[in-house]
Engineer: 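One structure follows; several queries about it will come next.
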Amino acid sequence: MKRLAVLISGNGSNLQALIDATQVGELEAKIVAVVSNRRDAYGLIRAEQANIPTLYFPLKTYLEAGHSREAYDADLAKMVLAYQPDLMILAGWMHVLSPAFLDYFPGRVLNLHPALPGQFAGTHAIQRAYEAFQRGEIEHTGVMVHWVIPEIDAGPVIATANVPIYTMDSLADLETRMHATEHRLLVEAIRGITA
Ligand code: GRF
């Protein structure tokens with residue numbers, strides 16, 4: 001059974017989708033650790049409720065002690081390595097990983113991003129897509145799962161799903177539709193990789 005380490009920074013609804021999928025056998029994998037760079041990430045509570053080991057690893061203390069992001073990334077990698085994961089899943093992990101981390105896990109780190117390849121890289125992607133739709137620049141948006149390279153929301157694409165935007169939509173309507181698509185696509189993508 002493939003061992004997954006999930007890296008999060010917030011609510012963890014995508015982590016929950018993975019937890020639920022592994023519990024009902026929809027995903028033949030084991031989540032061996034949940035790592036957060038934010039102490040108040042609700043995803044840590046989701047992990048504890050599912051009896052999954054958690055690790056809180058803030059960047060701030062590194063920077064305050066005069067250490068570099070690369071030093072943080074390298075130590076983070078060593079911490080994650082201790083759980084012997086086969087696959088690292090970035091599910092709402094809000095920190096750009098450098099080669100100091102990625103070099104420990106070549107071809108084994110994937111990310112979920114709420115936009116289609118080449119569109120709305122970075123933060124607030126759902127809101128930016130919503131505004132672009134309002135300006136008539138796009139007709140729909142989507143979600144992607146991709147392998148991670150040292151570039152924001154780029155790297156070889158594993159899976160994508162288009163998400164419609166309707167004229168009557170509020171931003172909240174679109175966010176709900178996007179997250180539902182993310183939960184499905186992330187499980188499917190990992191199932192395809194771990195099968
Ligand atoms: C998701 O939209 C993900 O694509 C993005 O951050 C959000 C995290 O949501 N990178 P959650 O914490 O899994 O609910």
Side-chain angles (χ1 to χ4, degrees), residues 4-23 26-27 29 31 33-50 52 54-59 76 87-98 101-102 109-133 138 140-165 169-191 193:
L4 311 180
V6 183
L7 284 70
I8 64 162
S9 297
N11 174 34
S13 70
N14 286 285
L15 164 64
Q16 191 66 55
L18 295 179
I19 291 172
D20 298 348
T22 57
Q23 287 178 344
E26 200 192 329
L27 189 54
I31 303 173
V34 171
V35 180
S36 178
N37 57 345
R38 304 251 171 91
R39 185 195 298 280
D40 60 356
Y42 184 68
L44 289 173
I45 294 174
R46 295 178 192 271
E48 283 149 19
Q49 287 170 346
I52 298 168
T54 60
L55 170 67
Y56 164 54
F57 201 58
L59 170 63
L76 175 67
L87 209 54
M88 270 45 60
I89 317 293
L90 309 186
W93 169 257
M94 305 307 275
H95 168 85
V96 180
L97 293 167
S98 68
F101 178 96
L102 297 173
V109 184
L110 63 82
N111 181 46
L112 170 72
H113 184 61
L116 293 171
Q119 290 192 342
F120 311 113
T123 57
H124 310 300
I126 302 177
Q127 181 179 347
R128 289 154 58 203
Y130 182 75
E131 290 163 0
F133 175 81
I138 61 170
H140 65 269
T141 183
V143 172
M144 71 167 168
V145 177
H146 63 93
W147 294 112
V148 174
I149 59 173
E151 193 189 328
I152 298 180
D153 301 324
V157 174
I158 299 167
T160 63
N162 287 352
V163 175
I165 311 176
D169 273 347
S170 65
L171 176 55
D173 294 333
L174 179 59
E175 283 168 344
T176 302
R177 195 175 306 125
M178 287 288 283
H179 291 318
T181 304
E182 287 185 320
H183 300 162
R184 175 180 58 74
L185 190 75
L186 187 59
V187 171
E188 277 174 16
I190 296 170
R191 192 169 51 225
I193 291 166

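Fair warning: this is a prediction, and the values are worked out from it, not measured in the lab. Just so you know, ligand 1 is whichever comes first in the structure, and atom 1 is the first atom listed for that ligand.
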Engineer: Rounded to the nearest 0.5 Å, what separation is found between the CG atom of L27 and the CG atom of D20?
Structural biologist: 11.0 Å
Engineer: Would you find a donor on one side and an acceptor on the other, under 3.5 Å apart, between the side chain of H183 and the backbone of Q16?
Structural biologist: no
Engineer: Going by side chain to side chain contact (heavy atoms under 4.5 Å, CB included), V145 matches just one of L112, I190, N111, V157. Which one?
Structural biologist: L112
Engineer: Would a distance-only check, ignoring hydrogens and angles, find a side-chain to backbone donor-acceptor pair under 3.5 Å from S36 to R39?
Structural biologist: no
Engineer: For ligand 1, is any non-hydrogen atom under 4.0 Å from M178's backbone (N, CA, C, O), its side chain (CB onward), both, or neither?
Structural biologist: neither
Engineer: Mind checking whether H179 has a heavy atom under 4.0 Å from ligand 1?
Structural biologist: yes
Engineer: Would you tell me which option among N14, L112, T181 has the nearest heavy-atom contact to atom 10 (N) of ligand 1?
Structural biologist: L112
Engineer: Look at atom 6 (O) of ligand 1 and say which protein heavy atom is nearest, naming residue and atom and giving the distance to 0.1 Å.
Structural biologist: G92 CA, 3.5 Å
Engineer: Can you list the atoms of ligand 1 that are under 4.0 Å from a heavy atom of N11?
Structural biologist: 12 (O), 14 (O)
Engineer: How about CD1 on I152, more than 12 heavy atoms from neighbouring residues, nucleotides or ligands closer than 6.0 Å, or not?
Structural biologist: no
Engineer: May I have all residue pairs that pass side-chain hydrogen bond (donor to acceptor under 3.5 Å, both in side chains) and include part of residues 123-133, sequence neighbours excluded?
Structural biologist: Q127-E131, Y130-Q134
Engineer: Is ligand 1 less than 4.0 angstrom away from at least one heavy atom of P114?
Structural biologist: yes
Engineer: Looking at atom 14 (O) of ligand 1, what's its closest protein heavy atom, distance included?
Structural biologist: S13 OG, 2.6 Å
Engineer: With heavy atoms of E182 as the reference, note each atom of ligand 1 found under 4.0 Å away.
Structural biologist: 1 (C), 2 (O), 3 (C), 4 (O)
Engineer: Who pairs with S98 by side-chain hydrogen bond (donor to acceptor under 3.5 Å, both in side chains), at least two apart in sequence or on another chain?
Structural biologist: D73
Engineer: May I ask you to identify the nearest protein heavy atom to atom 12 (O) of ligand 1, giving residue, atom name and distance to one decimal place in Å?
Structural biologist: G12 N, 2.8 Å
